[in-house]
2 protein chains.
Amino acid sequence: MSKTEDEKNNHEECQKLMLPVRDALDVISGKWKILILISLMQGNSRFREIERSIPRITSKVLSNELKTLEEHKLIKRTVYDDYPVRIEYSLTEYASTLEKVVNELQIWGINHRKKILEEG
Amino acid sequence: MSKTEDEKNNHEECQKLMLPVRDALDVISGKWKILILISLMQGNSRFREIERSIPRITSKVLSNELKTLEEHKLIKRTVYDDYPVRIEYSLTEYASTLEKVVNELQIWGINHRKKILEEG
DNA sequence: GTAAGCAGTTTCCTAAAGGTAAGCAGGATG
DNA sequence: CATCCTGCTTACCTTTAGGAAACTGCTTAC
């Protein structure tokens, strides 16, 4: 096999691996989305509750992020017609497929912090 | 336990989970970093080779991302004093700790794409 | 001797993400 | 009746990421 053919094959293989990662990043990238999911995983469900559980997030950002997470079918917004109306956010079943990703990210983050502190 | 106390505990627990994720995101967030790591995992090592393997990346962006990946100890830049000088990038051992994260992201991305296509 | 490859850099620009601060409608609380 | 809570929205502004294009110095291949 020629060198250029070799490179072509390599690049095709690369693409095959990169495409899904791009798809995934489209959905969960950004400073806040995963943190919001974690908050929901921890049992928070009301807007202000979630807001308070995430340091330095603002209403505006939270509101926007919740909307796009809903569009991506990761969370559900439910309006309960109690008096007064109660609004609750919850994870969908689909969101549970993300648990492994979040978990691995957490584990890696913990070790990374350890590494940084060790080295100074 | 009072309700506010309960919330306080919940928030502390949240923080404990969110902090490492933030740390991780600091290192690997952005449109290109993981793709670059994948390219290296696939055996690419020269600047132009990596550049060609990642569709639509530009020299400038690649150059910057390689620098920050090096700062974070995920890759190594080696200058071989051949004639002409050859420069190679490679993954560090530390980078291998990220493999699980990348893998889970890939798996999730594949399923997500499937889901989207099914639903239209 | 000119074109092409290597490993980038430089400058300039745009778009998107995110932050600040304030406000609003409805209900509850003292 | 004043203030606080809820679940947001609005307008504005700053910062950052990222893209386009050109260019550099060096080397090799035709």
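First the proteins, then the strands, lettered A, B, ... as listed; each starts at 1. Since this is a predicted model, take the numbers as computed values, not measurements.
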B:Glu70 to B:Ile75 - nearest heavy-atom pair and separation:
CG-O, 3.5 Å

Can you list, by residue number, the residues of [range] that have a non-hydrogen atom closer than 4.0 angstrom to DNA chain C?
range	value
residues 24-37 of chain A	A:Gly30, A:Lys31, A:Trp32
residues 76-88 of chain A	A:Tyr83, A:Pro84
residues 38-62 of chain B	B:Arg46, B:Phe47, B:Arg48, B:Arg52, B:Ser59, B:Lys60

For [X] and [N], what is the distance between atoms [atom1] and [atom2] respectively, to the nearest whole Å?
X	N	atom1	atom2	value
B:Lys67	C:dA7	NZ	P	14 Å
B:Leu66	C:dA7	CG	P	11 Å
A:Asn64	D:dC12	CG	P	17 Å

For [X], what residues pass the side-chain contact (heavy atoms from CB on, under 4.5 Å) criterion, not counting sequence neighbours?
X	result
A:Glu93	none
A:Lys31	B:Arg22
B:Asn111	B:Ile107, B:Lys114
B:Arg46	B:Glu49, B:Arg86, B:Glu88

Answer yes or no: is there an ion pair linking A:Lys8 with A:Glu5, defined by an N-O contact shorter than 4.0 Å?
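Salt bridge flag = no for A:Glu5 with A:Lys8.
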
Salt bridge or not for A:Glu51 and A:Arg48, using N-O below 4.0 Å?
yes

Pairs where residues 97-108 of chain B contributes a residue and the test salt bridge (Lys or Arg N to Asp or Glu O under 4.0 Å) is met, not counting sequence neighbours:
none

For A:Lys76, what residues pass the salt bridge (Lys or Arg N to Asp or Glu O under 4.0 Å) criterion, not counting sequence neighbours?
none

Can you pull out how bent the helix from C:dG1-D:dC30 to C:dG30-D:dC1 is, comparing the axes over its first five and last five pairs, to 10°?
0°

With sequence neighbours excluded, residues passing ring-ring contact (aromatic ring centres under 6.0 Å, His included) with A:His72:
none

Checking A:His11 now: which residues fulfil ring-ring contact (aromatic ring centres under 6.0 Å, His included) with it, not counting sequence neighbours?
none

Return the orientation label for the A:His112 and B:Tyr94 ring planes: parallel under 30°, perpendicular over 60°, tilted otherwise.
parallel

May I ask you to check whether over 12 heavy atoms, not counting those of B:Lys115, lie within 6.0 Å of atom NZ?
yes

